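Here is the structure we will look at, set down as structure tokens.
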Amino acid sequence: MIELCKLPYDYSALEPVISARAMQIHHEKHHAAYVKKANGLAAKAGLEELSVEDLVCEAKARGDTKLYNNAAQVWNHGFLWQSMTGDSLKPVGALAKAVDGRFGNLAALKAKFVEEGVGHFGSGWVWLVAQDDRLEVVSTHDAADFLDRPGVMPLLVCDVWEHAYYLDHQNDREGFLKSWLDGLANWQFASVQFEAAQSGEPGYAYPHLAHAHA
Ligand code: FE
């Protein structure tokens with residue numbers, strides 16, 4: 001059984017970029033619905049004992065699209081909650097150097113992230129990932145993530161499904177992305193993820209999320 005993870009902050013912690021009402025609906029309605037559906041489908045498939053990470057990979061391997069979509073959305077939202085903070089600072093340590101090396105500076109990375117999100121057609125996710133120590137900004141459609149690609153380490157994600165921003169920003173995805181990057185992006189979390197990726201230890205991929213699914 002997968003459980004709905006708790007948020008690492010109050011619903012109002014991300015205001016004014018994301019209102020408490022929007023956060024509550026996102027967590028208690030959208031995220032919770034994915035958890036409920038994933039559990040129902042996992043039980044039917046005899047996979048109810050798996051962790052959410054293993055469930056995503058097993059569903060992908062079996063070609064079970066419904067289970068994959070719901071389980072991946074459970075994981076993606078857990079990662080999203082960690083990717084945001086009301087106390088956003090700047091990248092530190094190795095990540096700060098990598099950002100400057102790859103994009104020139106943080107402003108250029110943000111511009112690339114916004115461009116990727118605005119250019120992404122339909123629902124999905126915009127990610128900062130590390131692949132072989134190289135930073136990339138990429139988007140994925142619908143529920144797709146990188147759990148089945150161990151060489152790709154997600155550092156940060158922003159939800160660009162309309163349910164993530166429509167209540168507060170209506171159709172202004174660009175404005176949402178800009179204010180999200182300037183006000184909410186959890187660079188401290190991304191920095192820790194990046195250093196874990198660089199350690200190259202087996203199983204490094206998601207150590208910081210254990211508490212998110214406790
Ligand atoms: Fe969402």
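Just so we're clear, the structure is a prediction, and the values are computed from it rather than from any experiment. When a ligand or atom number is given, it counts from 1 through the structure's own listing order.
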Residues joined to Val92 in its hydrophobic cluster, side chain to side chain under 4.5 Å directly or through other members, sorted by chain and number, are none
**Request:** Report yes or no: does His163 have an N/O/S atom closer than 2.8 Å to the Fe ion (ligand 1)?
**Result:**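 It does; at least one qualifying atom falls short of 2.8 Å.
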Quiz item: Has His31 got an N, O or S atom lying less than 2.8 Å from the Fe ion (ligand 1)?
Solution: no
Do we see a donor-acceptor contact under 3.5 Å between the side chains of His30 and Trp161?
no
Notebook entry, point to check: Is the distance between the ring centroids of Trp125 and His141 less than 6.0 Å?
Noted result: no
| Do you know which N/O/S atom name in Asp159 is closest to the Fe ion (ligand 1)? |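 It is OD2, the N, O or S atom of Asp159 closest to the Fe ion (ligand 1).
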Between Trp81 and His27, does the side chain to side chain donor-acceptor pair (under 3.5 Å) criterion hold? Intermediate values first, please. CA-CA 9 Å; Trp81 309 141; His27 183 239; 4.5 Å; no
